[in-house]
Every structure is written in C-alpha cells, then in structure tokens.
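To keep things clear, I will list the structure first and then write my remarks on it.
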Amino acid sequence: MPDWREIARQISKATGSTFSPDTPRQISGGCINNAIRLSDGVASYFVKFNQTSMRAMFEAEMAGLLELAASHAIRVPQPICCGTTANEAYLVMEHIQFGTSGDSARAGRELAAMHRTRQEQFGWHRDNTIGSTPQSNARHADWVTFWRDERLGLQLELAANSGLGGPLIERGELLLSLFPALIDHNPQPSLLHGDLWGGNLGYDRTGNPVIFDPATYYGDREADLAMTELFGGFGQPFYHAYNEAWPLEAGYAVRKTLYNLYHITNHLNLFGGGYAEQALRMTEQLLAELGH
Ligand code: ADP
C-alpha cells in the first residue's frame, strides 16, 4: 500500500478542499503500475503508483491526459496531481465508475473529432513512455522522418542492442530505407492517444466512451486507428462512425501494418519471445508490398 495519507494531503492541496479518505481499496488490471481507489464517500480518486524512479512517466501521463482533455472531444479522466512520497511515485486522477458496455459509434465519432486537433509539427513538447519503454517525441516537420527516427528506428535499435531481433534487424533496416514509398497520403499532425488498444477504452456508467493511459503525441491519425485493430475489441460501429466522421484514405490497410510494427517491436523489447516472429512476419509483408 502506498503512503495514501500523504497522497491525500497532496490531493487536498491540488483541489483546495480537505480530503480525508477511508482506508483505500487496491484495484487490479494495470499492465505497468499498481493502483488504489481513494474515497471519502463523496469524492473518489484513482491513484496509480510505482517506484519513485517512475515519476517522469507519471508527469508525462498527466500532461497527456491534460492535452487530450483540452481537445474537448472525448472523455478522459481528469488528472489531479502527481509526485513522489518517500517510497513511491504516484499519479492521481478522477475515479471513473466504468460500466460493462457503451456507445462504440460515439467512441468512433469522438476519436475522429480528437484527431482534428492539430499542431504544426509531428511529435510533442515532451517525451513519454509506451508501456514502460521510453518514447521520444522530438519534433519533425516530416512524418516519414519522425516515424523512422523517433518510432520504428528506435525500437529496432533497442532490439538490436539487447540481441533480441535476429533477422528482424537486417530486414527492419531495409524496411526503414524503403517505407517512405508507402506514405503518400500527406498525413497531418493530429492529436493521438498513442496507445489505443482495447484495454485503454472504457465506457462510463451512462455508456459514454472514456479513453485513458495515453502515450500522447501528434502524428498520423492512422497510427491510432491501426492500434485499435491490433488486439481488437472496438467493433464495427466504431469504425463505421469514424469513417463517416472522417474517412480513412486509400493505402491505410497497408500502412496499418507499418504502424503496428512499432507496437509489436515494443512488445518484443518489453516481453521478448514470440513477438520476434510476429515482427518479422509483419516486416516481410511490408517488404513484399515494396517488391522486396
Ligand atoms: P497501467 O498504467 O498499469 O497500464 P491503466 O491506466 O491501464 O494502468 O489502468 C489499469 C486499470 O484500472 C484499467 O484497465 C481500468 O480498468 C482501471 N482504471 C484506469 N483509469 C481509471 C480511472 N480513472 N478510474 C477508475 N478506474 C480506472
């Protein structure tokens, strides 16, 4: 159990109203962090915690939630504060009572609206993490350079440095030199969730969609859409509504493999094992598209 009394003091400070919670309840289900719910019977907060060294990860997540919230397009948990106690780093946000199902068409429409929030350049004003892997958001005017240097290239380098990739490294490097031919649709820098698998979408008790646990940056909106397809769970009404609000462009079906290769290589770096084969399969599929 984290030092919840100290965290409650920080919540009081951040909200300007005294918060004296009951003994907290542990919440299960996180991939990276532990979590508790803090409640005084009136106000409730969801608190993630981890080792003190993870403070920057929580700061970046808080900044990401604020950025997504500022688009006023889709519900995200309102972040309250983050910091460290003597023994852990923590992030406090609004606690959301999740229901079991909701309006997935609305999720599609609202995600499209969020993607209409734009910046001049690809990247973001700060780095963050994808899972627990560092994610560089160094800004670039050009999406191809961004995807090569800050996304796929970095994951391949991590895999090579840990001796994980095998043939993936050589074939991946070839792909890095050729994939620009796949990106001919002039993507704009859209506000992205960045880690939009099914586990990071929920529905509140009124059935409205909520996205959480972001790895925010500005990039090709297709990268978010691709990740929704990687592990599934979004349903046809979601895609239908997204496409009605903002149709996807020709070539997406091929590019989605390129975008998901980043996540699968990240999974290889985080978990090892069978992801090497999957990453190689995806790389070969893309190289075949390019005639190699
Ligand atoms: P991790 O960073 O460890 O992956 P998540 O942010 O995915 O953790 O949260 C873990 C689980 O906690 C989620 O799957 C969800 O069920 C629940 N959860 C996340 N955010 C909230 C919230 N604001 N309120 C209530 N429950 C939440």
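Numbers for residues simply follow the sequence, beginning at 1. The shown structure was predicted, so the numbers you read here are calculated from the model rather than taken from an experiment. Reckoned from all heavy atoms, side chains included, excluding hydrogens, waters and symmetry mates. Ligands are counted one by one from 1 in listed order, and the atoms in each one are counted from 1 as well.
At the shortest separation from atom 7 (O) of ligand 1 among protein heavy atoms lies Asp213 OD2, 3.2 Å. For atom 13 (C) of ligand 1, the closest non-hydrogen atom on the protein side is Phe212 CE1, 3.7 Å. The protein heavy atom nearest to atom 9 (O) of ligand 1 is Phe46 CZ, 4.0 Å.
Interface atoms of ligand 1 facing Ile32, defined by a heavy-atom separation under 4.0 Å, are 1 (P), 3 (O), 4 (O). Atoms of ligand 1 lying under 4.0 Å from at least one heavy atom of Glu94, given by number and element, are 22 (C), 23 (N), 24 (N). Counting atoms of ligand 1 from 1 in the listed order, those under 4.0 Å from a heavy atom of Met93 are 23 (N). Near Pro77, the atoms of ligand 1 lying under 4.0 angstrom from a non-hydrogen atom of the residue are 23 (N). Interface of Lys48 with ligand 1, defined as ligand atoms under 4.0 Å from a residue heavy atom, comprises 1 (P), 2 (O), 5 (P), 6 (O), 8 (O). Counting the atoms of ligand 1 from 1 in the order shown, those under 4.0 Å from a heavy atom of Gly30 are 1 (P), 3 (O), 8 (O), 10 (C). The Asn200 neighbourhood of ligand 1 comprises atoms 7 (O), with distances under 4.0 Å to a heavy atom of that residue.
Ring-centre distance between Phe19 and Tyr45: below the 6.0 Å cut-off.
Judged by the 6.0 Å distance and 45° axis criteria, Arg109 is not positioned over the aromatic ring of Phe238. A cation-pi arrangement is found for Arg221 relative to Trp246, the charged atom lying closer than 6.0 Å to the ring centre and inside a 45° cone about the ring normal.
His115 and Tyr242 have perpendicular rings, their planes meeting at more than 60° on a 0 to 90° scale where under 30° would count as parallel. Using bins of under 30°, 30° to 60° and over 60° for the plane-to-plane angle, the ring pair His267/Phe231 lands in the tilted bin. Ring pair Phe271/Tyr275 is tilted by interplanar angle, where 30° to 60° counts as tilted. In this structure, Trp147 and Tyr259 have perpendicular ring planes: the angle between them is above 60°, well past the 30° mark.
Contact annotation: for His95 versus ligand 1, heavy atoms closer than 4.0 Å belong to both the backbone and the side chain. The residue Arg37 has no part lying near ligand 1, judged by heavy-atom distances below 4.0 Å.
Distance screen at 4.0 Å: atom 16 (O) of ligand 1 has no protein heavy-atom neighbour inside the cut-off.
Checked against Gln78 for a side-chain contact (heavy atoms from CB on, under 4.5 Å), the options Val92, Ile96, Leu65, Leu66 give a single hit: Leu66.
Looking at Ile96, Ile211, Ile27, Val76, it is Ile96 that brings a heavy atom closest to atom 25 (C) of ligand 1.
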Next item on the list: Could you give me the CA-CA distance, side-chain angles and deciding distance for Glu6 and Arg9, then say whether salt bridge (charged side-chain N to carboxylate O under 4.0 Å, His left out) is met?
Entry: CA-CA 5 Å; Glu6 170 57 19; Arg9 273 191 289 279; 3.1 Å; yes
